[in-house]
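What follows is a set of notes on a single structure, which appears directly below.
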Amino acid sequence: MKQLHSQDELEAWRQSLPAQAELVLVPTMGALHRGHQSLLEAALAMGQPVLTSIFVNPLQFERADDLQHYPRTLDADLQLLESLGVAAVYLPAANDIVPAGLQVGLDPGPVGSVLEGAARPGHFAGMLTIVHKLFQRCQPQHAWFGEKDAQQLFLVRRMVADLDLRVKIHACPTYREQDGLAYSSRNARLDTQARKEALLLSRALFAAGDAFVQGCQQPRQLEELMRAMFADSPLQLAYAAVVRECDFAPAEAGDGEDWRALIAARIQGIHLLDNLRLTTSV
Ligand code: AMP
């Protein structure tokens, strides 16, 4: 597996690929876990060269302590990527991809300031700015993102559509631990007790999913059901919402089945998020 640090190295490697190859990019912030692995396996299954980027993007952290404590496990990450058969890893330096004095960024539009965007102001502008730069630098034909970050996936798709980017976005379902907790790099920061409490996120989503299957088509009731589950919990709920998958607007009764429940909460200063598509089909 090639390790690429500079733009020159990246471009030289990009040009060494066979002319008919379609480059598949999987952007990450490292601290790779089984969720990343399932995303990478889906990307690798395309049978094309896979490039993974590892970059902890300071622009998408609204809290300095969160950025400082974000887990970093580069050696283990490189071993995993190599063992999976990833062709190259791009490791841009922070002062290269986010130079001092960077002034122009991307505006994520209205969906960028609700839910995760309201809980973390500036998060999506920072995320899109760097994803756009990665697309520019890597020139992939395909890029894979996880449904775990459904609002991010929505905004990346909107960016590609609205700015005429020539990259096809693919989505991978959320990979969960056996008890339902969605794999996340931040889970490594949870102590045993907080890990147990964190299960409430997926439990609340599954409860909303069950209620939906059993016929509750009232989004506000589904939101209330999720919120009520946090009443006696040490988790501080940031939001519990049911939105329309097509535009992230609040779901309304009669919309049909295009709904997704999203939830985020903080424990011991660690921000966790999860979501679930609400569907009656198995
Ligand atoms: P991150 O390193 O957290 O920025 O995540 C990199 C990519 O992995 C993003 O597209 C995430 O949505 C995706 N991802 C993170 N956790 C999971 C998971 N549990 N299952 C599937 N994809 C995930």
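Just so you know, ligand 1 is whichever comes first in the structure, and atom 1 is the first atom listed for that ligand. In this chain, residues are counted from 1 in sequence order.
Considering backbone and side-chain N/O of Tyr183, one or more are found under 3.5 Å from N/O of ligand 1. Considering backbone and side-chain N/O of Ser38, none are found under 3.5 Å from N/O of ligand 1. The N/O atoms of Ala182, backbone and side chain alike, include none that comes under 3.5 Å of an N/O atom in ligand 1.
Using a 3.5 Å distance cut-off with no hydrogens or angles, the side chains of Gln60 and Asn57 do pair a donor with an acceptor. Using a 3.5 Å distance cut-off with no hydrogens or angles, the side chains of Glu11 and Gln15 do not pair a donor with an acceptor. A donor-acceptor pair shorter than 3.5 Å cannot be found between the side chains of Tyr183 and Arg34. With hydrogens and angles left out, the side-chain atoms of Gln48 and His142 include no donor and acceptor closer than 3.5 Å.
Counting heavy atoms from C-beta outward, Leu84 and Glu41 have side chains that approach closer than 4.5 Å. Looking only at side-chain heavy atoms (C-beta outward), Met159 and Phe135 come within less than 4.5 Å of each other.
When non-hydrogen atoms are compared, ligand 1 lies under 4.0 Å from neither the backbone nor the side chain of Glu147. Contacts with ligand 1 closer than 4.0 Å are made by side-chain heavy atoms of His36 only, the backbone lying farther away. Neither the backbone nor the side chain of Arg176 has a heavy atom within less than 4.0 Å of ligand 1. Contacts with ligand 1 closer than 4.0 Å are made by backbone heavy atoms (N, CA, C, O) of Pro27 only, the side chain lying farther away.
Judged purely by atom type and a 3.5 angstrom limit, Asn275 uses its side chain to pair as donor or acceptor with the backbone of Lys148. Counting only distance, with no hydrogens or angles, the side chain of Arg14 and the backbone of Gln139 share a donor-acceptor pair below 3.5 Å. A donor-acceptor pair is defined here as one N or O able to donate and one able to accept, closer than 3.5 Å; such a pair exists between the side chain of Ser83 and the backbone of Leu80. For Gln3 (side chain) and Tyr90 (main-chain N/O), no donor-acceptor pair under 3.5 Å exists by modelled atom type.
At the shortest separation from atom 4 (O) of ligand 1 among protein heavy atoms lies Met29 CG, 3.6 Å. Of the protein's non-hydrogen atoms, the one nearest atom 23 (C) of ligand 1 is Lys148 CB, 3.9 Å. The protein heavy-atom contact nearest to atom 18 (C) of ligand 1 is Gly35 CA, 3.5 Å. Looking only at heavy atoms of the protein, atom 20 (N) of ligand 1 is closest to Tyr175 N, 2.9 Å. In terms of protein heavy atoms, atom 3 (O) of ligand 1 is closest to Tyr70 OH, 3.8 Å. At the top of the distance list for atom 10 (O) of ligand 1, counting protein heavy atoms only, stands Gly146 N, 2.9 Å. What sits closest to atom 11 (C) of ligand 1 on the protein, heavy atoms only, is Asp149 OD2, 3.1 Å.
Under the side-chain hydrogen bond (donor to acceptor under 3.5 Å, both in side chains) test applied with His271, the options Glu62, Gln236, Glu116 reduce to a single match, Glu116.
Note on ligand 1: Ala31 sits outside its first shell, no heavy atom being nearer than 4.0 Å. Heavy atoms of Phe55 stay at 4.0 angstrom or farther from ligand 1.
Comparing Val156, Leu39, Val26, Thr28 by heavy-atom distance to atom 7 (C) of ligand 1, the nearest is Leu39.
Every atom of ligand 1 is numbered from 1 in the order shown, and the set under 4.0 Å from a heavy atom of Gln152 is 9 (C), 10 (O). Annotation for ligand 1: atoms under 4.0 Å from non-hydrogen atoms of Pro173 are 20 (N), 21 (C). Ligand 1 places these atoms under 4.0 Å from at least one heavy atom of Phe145: 10 (O).
Cluster membership check: Phe55 does not share its hydrophobic cluster with Val24, using side-chain heavy-atom separations under 4.5 Å among Ile, Leu, Val, Met, Phe, Trp and Tyr.
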